Participant: 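My structure is below; once you've seen it, I'll send some questions.
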Amino acid sequence: MSTVHTDIVTPAGKVYEGDVHMVCVRSKDGELGILPNHLPIVAPLEIALVRLKHEDEKIVDYVAVHGGFIQVSRKSITILSEAAELKADIDVARAKKAKAEAEEQLSTLHKTSQGYEEARLKLKRSELRLSTAAIDDSIPEA
Amino acid sequence: MPSMRDIKEKIASTKQMRKITKAMQMVAAAKLNRAQSAAEDYAAYADKLHEVVASIASTMSKGASSKHPMLAARPVKKTAYLVITESRGLAGAYDSTVLKYVQNLIREKHQSKDEYTIIVTGKVGLNFFTKRGYPVAFSKADVPDDLTFDNILAFAKQAVSLFNKKEIDELHLVYNHFVNAISQTLVDKQLLPLTNLEHAPAQKVSYVYEPDEDEVLTDLLPLYAQGQIYGALLDAKAAEQAARMTAMRSASDNASDIIDRLSLSYNRARQAAITQEITEIVGGAAALE
């Protein structure tokens, strides 16, 4: 099975670097599963979970990616985002707090009022963090 | 001539001062290290982003029909200058070079206040411009030393949206660029519109854009512009710490010089007092004989 070199890069530095067999992302147009030797493509991403499947299919890395882009070239895949966190790096307490804050903001704001969109995105990001952190990635024993 | 006690006091207070400037120099050096590594982390991201933007921009320029507003130059009615200064002072000529440059630039290029606006970070710059009655669109007085992208995202977005809403037609970044620990150079860079992207990347890859180029650009270009602002802030931060380090080092050196000179005159005064005492004793003894 072949692999492709994958980087996840944010302004704060490289979050992930490694050779994987398959990258699953959610683009603005829908889910994309990218295997090695995919044709070069650039697509904007949703605030969503990215799954990186290793050669041994049982090992999967989960990364919460907050928007940005995926850039696939012949030799490598790069995900560019303003923020991204590995499952292990997520601060659950902080995410819970952010979620509560965002919900409170949303309940006081109207759809058309200023800041609504930002609060909605904040909610989305905190929900993504929580759901990513909650994934059970223990390897089932064969 | 100052008395021995005066000189002694002066030496003690200069020593205290030297302690403080030395400590500040060390703090600045540590912060410089951190700022440099943050800038390096960011460089990886910036390079990748630039590669994507440049490759799209180069394919776009062939079919120039659908030029994104952030790429197209339009008649300039209002120019914005994003000026990066710092808040704490004690960094030598760090702020004054930037501020003087902006002042001269505006005097040369603009007749009235309607033609330009200023976006400023750092207390020093903010005070400078508001005191002199320059139009300040908005500002960010405090930029933390350990800068993260989240810290400045709102600020960067605001600057970019000003351009997108056509309130300004050009955005320039003016800041001190970090060359190395002992030198900084002033940079004046046009950020928006993004006209300097055209040099194509080394290896050309024709990408497929999903859903299409325009959609990708609408998402990508603001991210790119915000990234550039963040990069400039990081660069300026590193330059600031370097400038502060140099300023504090020369302050410590000057303090040492002063202490040396004062100790010399203290010793001289002491010697003079002893000599005088001996002469007095000898004189007294001679009078008794």
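Predicted model only: the values in this text are computed from it and were never measured. Residue numbering restarts at 1 for every chain, and letters A, B, ... go by the order of the sequence lines.
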Participant: Less than 4.5 Å to any heavy atom of chain A: does that hold for the side chain of B:L49, its backbone, both, or neither?
Facilitator: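 Its backbone and side chain both get close to chain A.
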Participant: Please determine, among A:I70, A:L32, A:V42, A:V9, the option with the most heavy-atom pairs under 4.5 Å with chain B.
Facilitator: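 Ranked by heavy-atom pairs under 4.5 Å with chain B, first place is A:V42.
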Participant: With the side chain counted from C-beta on, respond yes when B:D41 and A:K14 share a heavy-atom pair under 4.5 Å apart, and no when they do not.
Facilitator: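 Sidechains of A:K14 and B:D41: no contact.
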Participant: Does any non-hydrogen side-chain atom of A:P44 lie less than 4.5 Å from one of B:L220?
Facilitator: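 No, too far: nothing below the 4.5 Å cut-off.
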Participant: Please flag which part of A:Q71 lies under 4.5 Å from any non-hydrogen atom of chain B: side chain, backbone, both or neither.
Facilitator: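 Just the side chain, heavy atoms under 4.5 Å.
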Participant: Kindly compute the distance separating CD (A:E82) from OH (B:Y45), expressed to the nearest 0.5 Å.
Facilitator: 6.5 Å
Participant: Does any non-hydrogen side-chain atom of A:T10 lie less than 4.5 Å from one of B:F149?
Facilitator: no
Participant: Using a cut-off of 6.0 Å, state whether more than 12 heavy atoms not belonging to A:K28 lie near its atom NZ.
Facilitator: yes
Participant: Kindly check if the number of other-residue, nucleotide or ligand heavy atoms within 6.0 Å of CD (A:E101) is above 12?
Facilitator: yes
Participant: Tell me, yes or no, whether the heavy-atom count around B:N180 atom CG, taken from other residues, nucleotides or ligands under 6.0 Å, exceeds 12.
Facilitator: yes
Participant: Roughly how far, to the nearest 0.5 Å, is the NZ atom of B:K48 from the OG1 atom of A:T78?
Facilitator: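 Answer for the OG1-NZ pair, A:T78 versus B:K48, is 3.5 Å.
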